[in-house]
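I have placed the structure first, in the form of structure tokens, so that the comments after it can refer back to it.
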Amino acid sequence: MTIKKADSSQIEKIFSLYKDVVLGVSKTTVNLGWNTDIYPSLEWIVECVSKDEMLIYCEDEKIIGACSVNYTVNDEYKQIDWQIKNPENRISTIHAFCVHPDFWGKGTSFSFLKEVLKICRANGDIANHIDVIDTNEKAEKFYLKAGFKEIDRVEMFYEVVGTRKFWMLEYVF
């Protein structure tokens, strides 16, 4: 498996991955709330790729995982009593982390996340923050197992799900 920044030739494959993940999640008890018409949309993927923020995890030429990593957060993030608060330009945030359903339960998500965090650290980040919708207990447990700490649980607004509760998690390098 390899991790790399996505390029424009991979946009459709990344979008197809997110569609497969949305379909896979819809067959579980998790109410993730993702809708590829809104988020993670094709337009969002194009924007992330154009800003060099989209990371992909590949098995040979097949894209099996994707996420965006940047320094953009909702206003609610600024109200959290994080362990690491400054400098903001050295605290990355992972968005829309996913792995194809064919690879669920095989350790692929953990391997991909560890590679993402290695890249963040190599880029000089001192911490990583992430939010997990409160209906996704499996994801929260996954991030805790990977070394993130639960910092808070807050209501936040995202266009795709409206106002919902989210676990706010932090990984300190």
Side-chain angles (χ1 to χ4, degrees), residues 1-73 91-125 127-133 135-149 158 160-161 166-167 169-173:
M1 308 275 187
T2 58
I3 189 170
K4 58 187 172 184
K5 286 190 177 182
D7 65 50
S8 60
S9 70
Q10 297 160 320
I11 289 171
E12 288 296 330
K13 289 180 181 177
I14 297 166
F15 189 51
S16 180
L17 166 67
Y18 279 111
K19 285 182 185 178
D20 290 346
V21 169
V22 168
L23 179 61
V25 170
S26 74
K27 296 175 182 176
T28 72
T29 58
V30 174
N31 179 8
L32 188 59
W34 282 2
N35 173 340
T36 55
D37 291 335
I38 302 170
Y39 178 85
S41 67
L42 182 59
E43 295 78 15
W44 177 79
I45 295 166
V46 168
E47 179 182 345
C48 291
V49 170
S50 72
K51 291 180 176 179
D52 273 344
E53 297 174 350
M54 182 64 67
L55 295 174
I56 53 173
Y57 202 49
C58 303
E59 181 181 63
D60 299 319
E61 294 301 312
K62 180 177 174 145
I63 298 172
I64 60 168
C67 69
S68 170
V69 178
N70 62 31
Y71 303 90
T72 305
V73 294
I91 303 168
S92 54
T93 303
I94 298 171
H95 305 276
F97 182 89
C98 76
V99 167
H100 193 279
D102 290 349
F103 293 84
W104 291 352
K106 298 179 180 180
T108 305
S109 296
F110 192 78
S111 298
F112 179 32
L113 179 61
K114 286 299 181 186
E115 292 299 316
V116 170
L117 293 172
K118 277 185 196 175
I119 288 172
C120 293
R121 186 173 190 177
N123 288 340
D125 294 339
N128 185 277
H129 296 163
I130 192 166
D131 61 74
V132 177
I133 199 162
T135 57
N136 198 349
E137 291 177 16
K138 191 172 184 178
E140 187 215 14
K141 288 177 184 174
F142 164 74
Y143 289 113
L144 293 173
K145 183 179 177 185
F148 281 77
K149 302 285 185 236
Y158 281 109
V160 70
V161 295
F166 290 84
W167 286 293
L169 306 172
E170 180 176 46
Y171 187 94
V172 176
F173 295 106

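As the structure is a prediction and not an experimental result, all values here were calculated from the model.
Applying the salt bridge (Lys or Arg N to Asp or Glu O under 4.0 Å) test to residues at least two apart or on different chains, the pairs with a partner in residues 95-118 are Glu115-Lys118.
The NZ atom of Lys138 lies 9.0 Å from the OG1 atom of Thr29; values are rounded to the nearest 0.5 Å. The CG atom of Asp60 sits 9.0 Å away from atom CE of Met1, with the distance rounded to the nearest 0.5 Å. Note that CG of Leu144 and CZ of Phe142 are 10.5 Å apart. Values are rounded to the nearest 0.5 Å. Atom CD in Glu170 sits 12.5 Å away from atom CD1 in Ile130 (nearest 0.5 Å). The line from CD1 of Ile14 to OG of Ser68 is 10.5 Å long, rounded to the nearest 0.5 Å. Atom NZ of residue Lys5 and atom CD1 of residue Ile119 lie 8.0 Å apart, to the nearest 0.5 angstrom.
When side chains are defined from C-beta on, Lys149 does not count as touching Leu169, because their heavy atoms never get closer than 4.5 Å. Within the 4.5 Å cutoff, side-chain heavy atoms of Tyr143 are placed close to those of Val132. When side chains are defined from C-beta on, Ser92 does not count as touching Asn70, because their heavy atoms never get closer than 4.5 Å. Side-chain contact between Leu113 and Ile94 is present, with at least one heavy-atom pair separated by less than 4.5 Å. Trp167 has its side chain within reach of Glu137: a pair of non-hydrogen atoms, C-beta onward, lies under 4.5 Å apart. Side-chain contact between Phe166 and Val161: present, with at least one pair of heavy atoms (C-beta onward) separated by less than 4.5 Å. Counting heavy atoms from C-beta on, the side chains of Val116 and Ile3 come closer than 4.5 Å. Under the 4.5 Å side-chain criterion, counting only non-hydrogen atoms from C-beta, Asp125 is in contact with Tyr71.
When every heavy atom of Phe103 is checked against every heavy atom of Ile64, the shortest pair comes out as CE1-CG2, 3.3 Å. Here the closest heavy-atom approach between residue Phe173 and residue Ala127 is recorded as CD1-N, 3.4 Å. For the residue pair Gly33 and Val160, the shortest heavy atom distance occurs at O-CG2, 3.0 Å. Looking at every heavy atom in both residues, Thr135 comes nearest to Val30 through O-CG1, 3.9 Å. Among all heavy-atom pairs drawn from Lys4 and Cys58, the shortest one is CE-SG, 3.8 Å. Minimum heavy-atom separation, Trp104 to Gly24: CH2-C, 3.6 Å.
In this structure a side-chain-to-backbone donor-acceptor pair under 3.5 Å is missing from Ser16 to Lys13.
You'll find the ring centres of Phe97 and Phe112 inside the 6.0 Å limit.
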Phe148 and Leu117: CA distance, side-chain angles, deciding distance, side-chain contact (heavy atoms from CB on, under 4.5 Å) verdict: CA-CA 11 Å; Phe148 281 77; Leu117 293 172; 4.1 Å; yes
side-chain contact (heavy atoms from CB on, under 4.5 Å) between Tyr57 and Val99, worked out: CA-CA 8 Å; Tyr57 202 49; Val99 167; 5.7 Å; no
side-chain contact (heavy atoms from CB on, under 4.5 Å) evaluation trace for Gln10 with Ile56: CA-CA 9 Å; Gln10 297 160 320; Ile56 53 173; 3.5 Å; yes
Could you give the side-chain donor-acceptor pairs of residues 39-52 under 3.5 Å, partners two or more places apart or in another chain?
residue, atom, partner, partner atom, Å
Tyr39, OH, Ala96, N, 3.4
Ser41, OG, Glu43, OE1, 3.4
Ser41, OG, Trp44, N, 3.1
Glu47, OE2, Lys51, NZ, 2.9
Ser50, OG, Val46, O, 3.3
Ser50, OG, Glu47, O, 2.8

